[in-house]
Amino acid sequence: MLSKLNVSKVGLKLIALGSVAALAVSLISLPTAANAESVATTLTKNKITLVIADETGFPLTDKLAEEFTKQHPNVKFKINRDSFANLTANSPRLLASNNAPDLIRLPTIGDTVKNKLLLNLDPYVKAYGWDKWSAAQLSGLRVNSKNVRGSGNLYQLGLGYSITGVFMNLNHAKTLGITAPPESLAEFEADLAKAKAANILPIMAGDKDGVVNFAVQALINTYGDRQKLSDWIYNVPGATYNTPGAIKGADKIREWADKGYFPEDINAIDYFTFITRFQNGEGLFEFNGNWEAANVQAKLGANSKFFLFPSLNKGGKHVAMGAANSFSVPAKSKNKTAIVYFLNWIHTNAAARQITLDVTGATPGGDPKTALPKVAAGSLIEDGLKMAAQLSKDNGYIDFMANATAGIYANAIIPQSQLLVGSKITGKDFVTAVQESYAKELGR
Amino acid sequence: MKRNNLLGALISMPAVLIYSLFVIYPLISAFRYSFTSWDGIGAKEFVGLANYIQIFQSPELVASIKNSLSLIVFFSVFPIFFGLLLANFIVRIRTQKIRSITQVILFFPQILPLAASGIAWSWMYAKNGLVNQFLTAVGLEKFAQSWLAGFSTALPAVGIIGAWVLTGFCAVLLATGISKIDSSLYEAARIDGANWWSEFRNVTIPGLRQEISVLITVTTIAALSSFDIIYVTTLGGPGSSTLVPGISIYRLAFTQSSVGLASAFGILLMVIVLIAIVPIQFYSRRSDQ
């Protein structure tokens, strides 16, 4: 009896296991063709509710919605939140469903454009005058007819445009006699060596979830060719990751790991652990983005600095990752005109731009001639704004290599970087494995 | 009789419908998808056995199968072995109250959500965690390390979490089994001068054959289909040292949108599980007859 009972349970579990993915994909309907409605730039006077699908832990959409409703009381919002992992995993099905939201946080476009799930925002570019905005900032949000990012129609806008760099703990810097942020890679490495010699952790980083790749890419940016790497990230045919610059950058990470510049247990440290440990005073440097500026400021106060990762030689041009906190309008949205009006408002309204900067530390984008929001003098957020301006001048914006394909981060970048910082493979091995995974996923 | 049959069919109808909708239909769908290249939304392209071939050609996916087979040692062998010892101990406790409390404590890991257990264990395995504090306290600090970060220690470390979760379950089930064994068999053994070990080997183990077969089945499936503990503690890393099919299937289907390949791996995992448990069930039933 007992064994019979369990066999049926076992059968149930087995069958359920083999069919989870199938269930998830079989309960959705296929999308209808993208709409061809005329483009209006006025907001409806009717009472409407706009639905936003966003990730948990990022209150920006709440604050913006609150302010928008204050200015336009007929528009209410419903914001559905899910963890980043769940939201990105479910977004294609959410977009294809008959109750698609009006706006969705969409870090990776993947096949959503190919499958006609997103609204083409190009008709609005002229209508709203977005052609005056920074073209470089928007290029990563465009997809062409061959499903290649970087050019073509506009399918996304950013709720804030982030920038990455290095945070420095000035208490440790003072102890080590470091008076200013390094201005060349050699100076940066000299600071690392000083910290190690003084028994201060040189770089607080974690790689359980692959975030050491901020450092990996910073070095590849420094050694390599920005355009070539950018082409690779945007899936331009013929582009390869296997370049001398990428190998040199990855080799440098291995060298830093061998020298003990990272925490010993780096592969067991996740993002939230390492940012907390840095904010609690552990480590001289931390590779991260301006979205953490307010948190670092809150904990380390004036004892912190945020700067662009230095170029190879003093006075050289900077290259750094920056990306839009990207949102898309689903093709199935029932309030396209209103939601695009909201997106335009976020980029142009002074109160909205201030909220974006205050909540995220990221630049609000929009027309570069528009006045920047107010910021506390000497704050890390101000550092971030200056860095963004410098990067625009150097034409140094580049997307994150983790955004190259939907699977590249989990399948190759995370496991291979864990082997790299665990001193198990060389830079060449790392680069080759990432390129192989990329080629396989894109069928090249 | 006919009326009874009709009534039976009516009563079971909701269950049959739900089972068909949520189990049989998705299973058939997964089987069909496994022969296609499909991103989950767009057009499906028939690719024959290409997905199955790709699994065997991918060192990472093959490694994930090997890892899950290694986990059987931790999820099946250890819990059943220690479960037997504990069950023997439990049935010897004479005070009913203490016996019940012991069983509840042992069963406790089963009640906790696996994700919560995983988080608690990852703290204990951390560089400054309880495990290393203990090692340092007993003078073994040279062995202290970050257990989940090491390429050779991560898999045994997550395996131990599985063993911890399942040992109590095994012990409680086996203790119930022992209490059902005819006490006259033990008396006869004692009259024949059997010692504890001889009694355990000749009376207890044969009397628990059914329970042991069920436990091997359940724990083997737990090992081969493990997901939550690994997702929470290591995400399959470092490298691919703790990668298991459950994590790979999740990534393929939901991160990479390779639904065809994920379905093929799911079907293959089901076949592997069946290969592992059908002989156990077959043997157990044959010895019952």
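Owing to the predicted nature of the structure, the values given are computational and were not obtained by experimental measurement. Each chain gets a letter, A, B and so on, in the order its sequence line appears, and its residues count up from 1. Computed over heavy atoms, backbone and side chain alike; hydrogens, waters and symmetry mates excluded.
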Check your understanding: Do the side chains of A:Tyr409 and B:Arg251 get nearer than 4.5 Å, heavy atoms only?
Key -> no
Check your understanding: Of the backbone (N, CA, C, O) and the side chain (C-beta and beyond), which part of B:Ser122 lies under 4.5 Å from a heavy atom of chain A, both, or neither?
Key -> neither
Review point. What is the distance from atom NZ of B:Lys127 to atom CD1 of A:Ile266, rounded to the nearest 0.5 Å?
Key: 12.0 Å
Practice item. Starting at CG of A:Asn115, measure out to CD1 of B:Ile41 and round the result to the nearest 0.5 Å. Key: 6.5 Å
**Study point:** B:Gln54 portion near chain A, given a 4.5 angstrom heavy-atom threshold
**Key:** side chain
Practice item. Please collect all ring pair (Phe, Tyr, Trp, His ring centres under 6.0 Å) contacts where either partner lies in residues 207-248 of chain B, sequence neighbours excluded, each pair once. Key: B:Phe227-B:Tyr231, B:Phe227-B:Tyr250, B:Tyr231-B:Tyr250
Point to revise | Top contributor to chain B interface from A:Ser91, A:Gly110, A:Ala406, A:Ser417 [non-hydrogen pairs under 4.5 Å] | key: A:Ala406
Check your understanding: Is there a donor-acceptor pair under 3.5 Å between the side chain of A:Gln418 and the backbone N or O of B:Gly239?
Key -> yes
Check your understanding: Which of the residues A:Thr88, A:Thr405, A:Asn86, A:Asn411 is involved in the greatest number of heavy-atom pairs with chain B at under 4.5 angstrom?
Key -> A:Asn411
Study note, to complete from the structure: Value for CH2 (B:Trp123) from OG1 (A:Thr273), rounded to nearest 0.5 Å, stands at 9.5 Å
Review point. Under a 4.5 Å cut-off applied to non-hydrogen side-chain atoms, are A:Asp209 and B:Leu235 in contact?
Key: yes
**Study point:** From B:Gln256 atom CD to A:Ile408 atom CD1, the distance as rounded to the nearest 0.5 Å
**Key:** 9.0 Å
Exercise for review: Run the numbers on B:Glu60 and A:Ser437 for side-chain contact (heavy atoms from CB on, under 4.5 Å), then give the verdict.
Suggested key: CA-CA 11 Å; B:Glu60 204 184 74; A:Ser437 175; over 6 Å; no
Practice item. Enter the distance from A:Glu441:CD to B:Ser257:OG here, rounded to the nearest 0.5 Å. Key: 9.0 Å
Review point. Does a side-chain heavy-atom distance below 4.5 Å link B:Phe151 with A:Asn267?
Key: yes
Review point. Would one find more than 12 heavy atoms of other residues, nucleotides or ligands at under 6.0 Å from atom CD of A:Glu264?
Key: no
**Study point:** Partner residues of B:Ala154 under the side chain to side chain contact (heavy atoms under 4.5 Å, CB included) criterion, sequence neighbours left out
**Key:** B:Pro238, B:Ser241, B:Thr242
Review point. Under 3.5 Å, side chain of A:Lys208 to main-chain N/O of B:Thr233, donor-acceptor pair present?
Key: yes
Exercise for review: Among the options A:Pro263, A:Ala410, A:Gly422, pick out the one with the most heavy-atom pairs lying under 4.5 Å from chain B.
Suggested key: A:Ala410
Review point. Side chain, backbone, both or neither: which part of B:Ser248 has an atom under 4.5 Å from a heavy atom of chain A?
Key: neither
